[in-house]
Q: 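I'd like to ask some things about the structure below.
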Amino acid sequence: MSRLLGGTLERVCKAVLLLCLLHFLVAVILYFDVYAQHLAFFSRFSARGPAHALHPAASSSSSSSNCSRPNATASSSGLPEVPSALPGPTAPMLPPCPDSPPGLVGRLLIEFTSPMPLERVQRENPGVLMGGRYTPPDCTPAQTVAVIIPFRHREHHLRYWLHYLHPILRRQRLRYGVYVINQHGEDTFNRAKLLNVGFLEALKEDAAYDCFIFSDVDLVPMDDRNLYRCGDQPRHFAIAMDKFGFRLPYAGYFGGVSGLSKAQFLKINGFPNEYWGWGGEDDDIFNRISLTGMKISRPDIRIGRYRMIKHDRDKHNEPNPQRFTKIQNTKLTMKRDGIGSVRYQVLEVSRQPLFTNITVDIGRPPSWPPRG
């Protein structure tokens, strides 16, 4: 009898223990459920309180909020949504352009006998924008290049230059613009002063230019691996012209086609403005570079080959009789004569499909005393 009573009591105790455990579990569940509800309530209250204090209009209903601004929506907190700083899908970031562009051809066949109408050149370069601007569609170039051409009465040469150079520059993956600086009138030609004008006018159009290529209109590279870029030192590109037997005429030669970064150009105070007529200004530029502690970099002579369009010397571009004296005095003149002292007047800016033409009045040369 006592055994039966003891077994029954044991079972009752176990049942009571299980019931207590079940009650405890239910209490814990209810506790956390109530806590979560209180937390959500106070979260909504804290979100609305500051919003109402800073934005009284937010206390109105969502419908009135939509009426205050066309196409506005209300957020779940009751505040109007702030528009994104970049509306719509953003364009994917393009990779940097390669140092060695993969589409280069190498040695090119250059000839100047086929007719070259501008309409043909324009059809050949559909990606070039008005004003002669181009940006690679598949990569981001490291530099923005302004190509500056001193010009007067060379329309025939310009068509060939555009025909050959635009495809070359596009294959080189350059972001560039072409500027033809046209000297107005029939006074003596001044190549270096026109290049100074081109530097300033290009920067007025686009302050992002950080590399400047200065090119004569009658010179075309024979190899597209001669990259029109700027480096740590001023660059001389046209080192082997056909008229010189594809050789550098002398060690200090810096004529034809050259390139300087914006910083390098300003360091030498730009180019001289006082070389009226043919010759001397490129040697003065070479002196400026040397006097400021920089050195000339050049491509391999097999790559830096150029063909020149044959022509007679231009009228009003006779040899400068003072060029040799001026070259000897570069150290004395470079600080006062340069980009900081250039004076000119822009007469017309015309953006053509393949280039920007800037016609300028650069004044007249001083009267030279008779020789002898």
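Numbering of residues begins at 1 and proceeds along the displayed sequence.
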Q: Could you state the interatomic distance from CG (L260) to CZ (F254), rounded to the nearest 0.5 Å?
A: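 If I round to the nearest 0.5 Å, the distance is 5.0 Å.
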
Q: For D223 and Y306, which I'm curious about, is there any donor-acceptor pair between the side chains at under 3.5 Å?
A: no

Q: Below 4.0 angstrom, N of the basic side chain to O of the carboxylate: do R171 and D224 qualify?
A: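 Here R171 pairs with D224 in a salt bridge, since their nearest N and O are under 4.0 Å apart.
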
Q: Tell me, do L174 and L227 make a side-chain contact under 4.5 Å, heavy atoms counted?
A: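 No - every pair of side-chain heavy atoms lies 4.5 Å or more apart.
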
Q: Whether the N196 and N273 side chains hold a donor-acceptor pair (N or O, under 3.5 Å, no angle test) is what I'd like checked.
A: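 Side-chain D/A pair, N196 to N273: present.
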
Q: Could you tell me whether R191 and D282 make a salt bridge, using a distance below 4.0 angstrom between a side-chain N and a carboxylate O?
A: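 Salt bridge: no.
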
Q: Determine, for R364 against E186, whether the closest basic-nitrogen to carboxylate-oxygen distance falls under 4.0 angstrom.
A: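 Looking at E186 together with R364, the answer is no, because their closest N to O distance does not fall below 4.0 Å.
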
Q: Here's a test for you: under side-chain contact (heavy atoms from CB on, under 4.5 Å), which of Q345, R343, Q183, H184 qualifies with I362?
A: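 When side-chain contact (heavy atoms from CB on, under 4.5 Å) is applied between I362 and each of Q345, R343, Q183, H184, only Q183 qualifies.
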
Q: On a heavy-atom basis, which atom in P141 and which in C139 lie closest, and how many Å separate them?
A: CD-O, 3.6 Å

Q: Between D284 (side chain only) and P272 (backbone N and O only), is there a donor and an acceptor less than 3.5 Å apart?
A: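 Between the backbone of P272 and the side chain of D284 there is no qualifying donor-acceptor contact (under 3.5 Å).
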
Q: If you count the non-hydrogen atoms of other residues, nucleotides and ligands that lie under 6.0 Å from CG in D232, is the total more than 12?
A: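 Counting other residues, nucleotides and ligands, CG of D232 stays at 12 neighbours or fewer.
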
Q: Using every non-hydrogen atom in the two residues, find where G256 and L219 come nearest and quote the distance to one decimal.
A: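 Looking at all heavy atoms of both residues, the closest pair is CA-CD1, 3.4 Å.
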
Q: Output yes when D218 and R154 qualify as a salt bridge under the 4.0 Å nitrogen-oxygen rule, no when they do not.
A: yes

Q: Please find out if less than 6.0 Å separates the ring center of Y253 from that of F244.
A: yes

Q: I'd like to know if the side chain of S350 pairs up with that of Q352 as donor and acceptor (distance under 3.5 Å, no hydrogens or angles considered).
A: yes

Q: When you check the gap from the basic side-chain N to the acidic O, do E205 and R351 get nearer than 4.0 Å?
A: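 A salt bridge is present here (some side-chain N lies under 4.0 Å from a carboxylate O).
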
Q: Given side chain to side chain contact (heavy atoms under 4.5 Å, CB included), test V217 with V180 step by step and report yes or no.
A: CA-CA 9 Å; V217 73; V180 175; over 6 Å; no

Q: Is there a side chain to side chain contact (heavy atoms under 4.5 Å, CB included) between H236 and L248? Walk through the geometry before answering.
A: CA-CA 11 Å; H236 185 214; L248 192 68; 4.0 Å; yes

Q: Got a donor-acceptor contact below 3.5 angstrom from the D216 side chain to the V257 backbone?
A: no

Q: Under the 3.5 angstrom rule, does the side chain of Q264 hit a backbone N or O of S261 as a donor-acceptor pair?
A: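 Such a contact is found between Q264 side chain and S261 backbone.
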
Q: Let me confirm one number: the CZ-NZ distance from R307 to K310, rounded to the nearest 0.5 Å.
A: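 Here the interatomic distance stands at 7.5 Å.
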
Q: Run the side chain to side chain donor-acceptor pair (under 3.5 Å) check on T359 and N357 step by step: do they pass?
A: CA-CA 6 Å; T359 301; N357 182 85; 3.1 Å; yes

Q: Is there a donor-acceptor pair under 3.5 Å between the side chain of Q172 and the backbone N or O of N226?
A: yes

Q: Do R123 and E119 meet the salt-bridge criterion of a basic N to acidic O distance under 4.0 Å?
A: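 No, E119 and R123 are not salt-bridged.
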
Q: Is a side-chain N or O of N125 found less than 3.5 angstrom from the main chain of V128, in a donor-acceptor match?
A: no

Q: For G270, is there any backbone N or O sitting under 3.5 Å from a side-chain donor or acceptor partner on R288?
A: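 Answer holds: yes.
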
Q: Is there side-chain contact between V145 and C211, with at least one heavy-atom pair below 4.5 Å?
A: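 When only atoms from C-beta onward are counted, C211 and V145 do touch, with a gap below 4.5 Å.
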
Q: For M116, is there any backbone N or O sitting under 3.5 Å from a side-chain donor or acceptor partner on R159?
A: yes

Q: Would a distance-only check, ignoring hydrogens and angles, find a side-chain to backbone donor-acceptor pair under 3.5 Å from N269 to M334?
A: yes

Q: Test R133 against every option in T144, T356, D206 by the side chain to side chain donor-acceptor pair (under 3.5 Å) rule and name the one that passes.
A: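 Among the candidates, only D206 passes.
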
Q: Kindly say whether C97 contributes a backbone atom to a donor-acceptor pair with the side chain of R173 at under 3.5 angstrom?
A: no

Q: Please check: side-chain N/O of E111 versus main-chain N/O of T113, any donor-acceptor pairing under 3.5 Å?
A: yes

Q: The test is ring-ring contact (aromatic ring centres under 6.0 Å, His included); show your working for Y176 and H166 and say whether it passes.
A: CA-CA 10 Å; Y176 68 89; H166 270 304; 5.7 Å; yes

Q: Parallel, tilted or perpendicular: which fits the ring planes of Y164 and Y160, with parallel below 30° and perpendicular above 60°?
A: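 If you compare the ring of Y164 with that of Y160, the planes turn out parallel.
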
Q: Could you check whether atom CZ of R336 has more than 12 heavy atoms from other residues, nucleotides or ligands sitting under 6.0 Å from it?
A: yes

Q: Quick check, are the ring centers of Y179 and F355 under 6.0 angstrom apart?
A: no

Q: Nearest 0.5 Å, please: how far is CD1 in I309 from NZ in K243?
A: 13.0 Å

Q: Between F271 and F214, is the gap from one ring center to the other below 6.0 Å?
A: yes

Q: Measure the CG-CG distance between L158 and L118 for me, rounded to the nearest 0.5 Å.
A: 7.0 Å

Q: Pair F237, Y228 - check ring-ring contact (aromatic ring centres under 6.0 Å, His included), show working.
A: CA-CA 8 Å; F237 298 96; Y228 276 28; 5.0 Å; yes

